[in-house]
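Report on the following structure.
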Amino acid sequence: MAVRAATWQDGLMVDSRAGLLAGPQDLIDVDALIGAYYDLVPDPANPDQQVVFGTSGHRGSSLDAAFNDAHIAATTQAIVEYRAAQGITGPLFIGKDTHALSEPAWRTAIEVLHANGVAIRAERDQDYTPTPAVSRAIIVYNKTHEGPRADGIVVTPSHNPPRDGGFKYNPPHGGPADTDATGWIAARANQLLANPSAIARTPYARAAADVVREDYLGAYCEDLRNAIELDAIAAAGVRIGADPLGGASVQYWGYIAERLGIDLTVINPTVDPTWRFMTLDWDAKIRMDCSSPYAMASLIANRDRFDISTGNDADSDRHGIVTPDAGLMNPNAYLAVAIGYLYRNRPHWRADAAIGKTLVSSSLIDKVAADLGRRLVEVPVGFKWFVPGLISGELGFGGEESAGASFLAKDGSTWTTDKDGILLALLASEIIAVTGKTPSQHYAELEARFGASSYARIDAPATREQKAKLAKLNASDVAATTLAGEPITATLTHAPGNGAAIGGLKVTTASAWFAARPSGTENVYKIYAESLLGPAHLAQVQDEAKQVVDAVLV
């Protein structure tokens, strides 16, 4: 068997085919995948075949008996029972993305919802709905209707490879469900997986007649005027290229190009469940990760065609920003620029609206917040932590290092409580229109003021027992007093913004930091690190971070 060459880059073993167009050997057999969804029956006693809700719902492949009709029927029935226990009796908004398993799972869910008497709001069979459009629909409904509250389901594995499916629940606040909700739903779903007698279903052909077909597309796109300065973008003549990467935003970008009066070209409107038009990610897998330079290679290569180019993942909750002068921006860099711009150009936001970031996001955001005179709210990994602040307006912006963010509408009201990649992509054009500079030019100015950021994530081996120990560390467990030549200024096991456990450790100095968290799916722990003193210092931080963590895992 031939062995392909690979090189280390930013802590990843990068395959020699990364960034190249997918070949026939990389494509899924769609018929086999869908056939397995209906034909394979999971073993309820096998942990790998049970329902497991991570930070973004249940994910898996039908080929592994990890995402099948039985899983979705059981999970939907569990959601029905959960919402009833919570007194949620309004309509349920459901949307799907373009993954091959999304439509079958969407149909399964509708069958179960209908049989349980839930009022269903869904797109048409042939349409797709981004995550932020579902979140927006829930928020608008609950704001404009008295009485029973609405909630939602999004059928998507986000940026995961084409063989995967995903299923997530959004309660009435419109954002990701918290662990109390997902823990209950997963536990009940696994009971139903073992004994499905309590699952009610109506055949889709009968259920479809009672489904209210929701205009997610028109409602969301027309509402963008309330969040983005579209007139400024039009007046400045910003030339925009938007690549849906074969995902659910394809119809949305088409609508925006045709009806909202801006100069926007949909770069590739193709929808193909094999994603044969994608360039391969770092590990030679097809993955719609718009923050990856390998998955975004085609857009980067053609960056001079437009003033700004953007990409979204399959459910459009993430954004990728490409400029002619710098190519693909690091997600942390764009978050820092977006925050700096928004808090200077949204006069109707609360004067005390804080800035939300995850604790593994760049420390440049801290410096931008201090420069703005705004409070910084640093939370654990997971967008759910931003939901209360975005609902109340106490947060103007919430963003994650993984290229997911959302912010308030122009009048200071809630926009979405889930990540909105379309919104963040359009903001890049607004920044150019209003300031005359690209986001990457703004970022160069930030680095000139505050120091150049060197940021990376690496993985280190860890047993199941070591991962459990890492997740339960106390600050007193760390004996080190210096990191990469600087005194340690803080050792954190709880997020300073809300006091929630981070499930790991963060150590900071004046010029650098690292955070270590156990992986939820692999026998590794992840080390995030950043230095404002250059790549060599970052490497020293990473080496010493591993020593610090290994010392407490002995």
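Of all the heavy atoms in S61 and N68, the pair that sits closest is O-OD1, 4.5 Å. The minimum heavy-atom distance between T417 and H173, with the atom names listed, is OG1-O, 2.7 Å. Looking at every heavy atom in both residues, W253 comes nearest to A242 through CD2-CB, 3.6 Å. Between D127 and R124 the shortest heavy-atom distance is OD2-NE, 2.8 Å. Closest approach of T279 and M296 over heavy atoms only: OG1-N, 4.2 Å.
In this structure, S413 contributes its side chain and A409 its backbone to no donor-acceptor pair below 3.5 Å. Judged purely by atom type and a 3.5 angstrom limit, R83 uses its side chain to pair as donor or acceptor with the backbone of G90. Side-chain N or O atoms of Y169 include none that pairs as donor or acceptor with a backbone N or O of I185 at under 3.5 Å. With hydrogens and angles ignored, the 3.5 Å screen pairs no side-chain donor or acceptor of S291 with any backbone N or O of G320. With E111 contributing its side chain and A207 its backbone, the two residues share no donor-acceptor pair below 3.5 Å. Formation of a donor-acceptor pair under 3.5 Å by the S316 side chain with backbone atoms of I422 is not found in this model.
Under 4.0 Å is where a charged nitrogen must lie from a carboxylate oxygen, and between D315 and K168 at least one such pair does. Taking a cutoff of 4.0 Å between a charged side-chain nitrogen and a carboxylate oxygen, K469 and D477 do not qualify as a salt bridge. Of the charged side-chain nitrogens involved, at least one lies within less than 4.0 Å of a carboxylate oxygen, so that D125 and R213 count as a salt-bridged pair. Taking 4.0 Å as the cut-off between side-chain N and carboxylate O, E103 and R107 count as a salt-bridged pair. The pair D550-K546 meets the salt-bridge criterion, with a side-chain N (NZ, NE, NH1 or NH2) lying under 4.0 Å from an Asp/Glu carboxylate O.
Here NZ of K384 is found 6.0 Å from OG1 of T182. Values are rounded to the nearest 0.5 Å. From D164, atom CG reaches atom OG of S102 across 10.0 Å, with rounding to the nearest 0.5 Å. Note that OH of Y216 and OG of S135 are 11.0 Å apart. Values are rounded to the nearest 0.5 Å. The CD1 atom of I34 lies 8.0 Å from the CD1 atom of I28; values are rounded to the nearest 0.5 Å. To the nearest 0.5 angstrom, I110 atom CD1 is 11.5 Å from T202 atom OG1. Expressed to the nearest 0.5 Å, how far OG1 of T131 lies from CG of D418 amounts to 5.5 Å.
For H99 and W106, the ring centers sit 6.0 Å or farther from each other. Here F383 and F386 bring their ring centres to under 6.0 angstrom of each other. Aromatic ring centroids of Y220 and W415 lie under 6.0 Å apart.
In this structure, P157 and D97 have side chains that are in contact, with non-hydrogen atoms separated by less than 4.5 Å. Residues E378 and W385 form no side-chain contact, since every pair of their non-hydrogen atoms from C-beta on lies 4.5 Å or further apart. Counting only heavy atoms from C-beta outward, the side chains of L423 and P132 never approach each other to under 4.5 Å. Annotation: side chain of S362 is not in contact with side chain of L335 (no heavy-atom distance under 4.5 Å). At a threshold of 4.5 Å between non-hydrogen side-chain atoms, the residues F93 and E214 count as touching. With contacts defined as side-chain heavy-atom distances shorter than 4.5 Å, the pair R287/W282 qualifies. Using a 4.5 Å heavy-atom threshold, the side chains of I153 and F167 count as touching.
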Apply ring-ring contact (aromatic ring centres under 6.0 Å, His included) to residues H145 and Y141 and explain how you reach the verdict. CA-CA 6 Å; H145 290 74; Y141 181 91; 3.8 Å; yes
Determine, stepwise, if the pair D313 / K419 fulfils salt bridge (charged side-chain N to carboxylate O under 4.0 Å, His left out). CA-CA 11 Å; D313 62 342; K419 297 172 292 213; over 6 Å; no
Let me see the working for N160 and S158 under side-chain hydrogen bond (donor to acceptor under 3.5 Å, both in side chains), right down to the final yes or no. CA-CA 6 Å; N160 277 28; S158 191; over 6 Å; no
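The neighbour count for Q25 CD, taken as heavy atoms of other residues, nucleotides or ligands under 6.0 Å away, is above 12.
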